[in-house]
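Here the structure comes first, spelled out in structure tokens, and everything after it is commentary.
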Amino acid sequence: MIPLKVTYTPEQQAATEARITEAFAGLLSQLRAVVPALAWAARFDEELRRAATRTVTPLQ
């Protein structure tokens, strides 16, 4: 691959940095929405596994 040298004006550089910042902010926002759901799913899965291995004694 041939290396290319690209020069940006300060305005282009600022606009590029702003777009990158917005993209990361959007990603972080999505992660904040998903992480609690993943934590809940992990706890639910753990409870299911625990229930599956629990020994049940029949009523007499």
Side-chain angles (χ1 to χ4, degrees):
M1 184 154 79
I2 301 170
L4 300 175
K5 182 173 178 163
V6 179
T7 53
Y8 293 101
T9 65
E11 293 83 14
Q12 290 172 320
Q13 180 71 26
T16 300
E17 290 173 1
R19 283 196 305 273
I20 291 170
T21 301
E22 288 174 22
F24 275 110
L27 179 60
L28 184 60
S29 169
Q30 291 176 2
L31 285 175
R32 283 187 183 134
V34 170
V35 168
L38 292 175
W40 177 87
R43 285 192 306 271
F44 184 73
D45 183 58
E46 185 179 324
E47 288 296 323
L48 284 178
R49 290 176 192 269
R50 198 175 300 139
T53 59
R54 192 174 299 141
T55 304
V56 178
T57 56
L59 294 175
Q60 304 260 335

Quiz item: Under the side chain to side chain donor-acceptor pair (under 3.5 Å) test, which residues partner E47, sequence neighbours left out?
Solution: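 Expected list: R50.
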Quiz prompt | Those residues that, when tested against L28, pass side-chain contact (heavy atoms from CB on, under 4.5 Å) (two or more places apart) | solution =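 Only R32 meet the side-chain contact (heavy atoms from CB on, under 4.5 Å) criterion with L28.
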Quiz item: Residues two or more places apart in sequence or in another chain: which of them pass side-chain contact (heavy atoms from CB on, under 4.5 Å) with S29?
Solution: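 Listed in chain order: nothing, the list is empty.
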Self-check item: Spacing of CZ belonging to R43 relative to CG belonging to D45, to within rounding of 0.5 Å
Solution: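 Those atoms lie 12.0 Å apart.
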Quiz prompt | Separation of T16 OG1 from R19 CZ (nearest 0.5 Å) | solution =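 Those atoms lie 4.5 Å apart.
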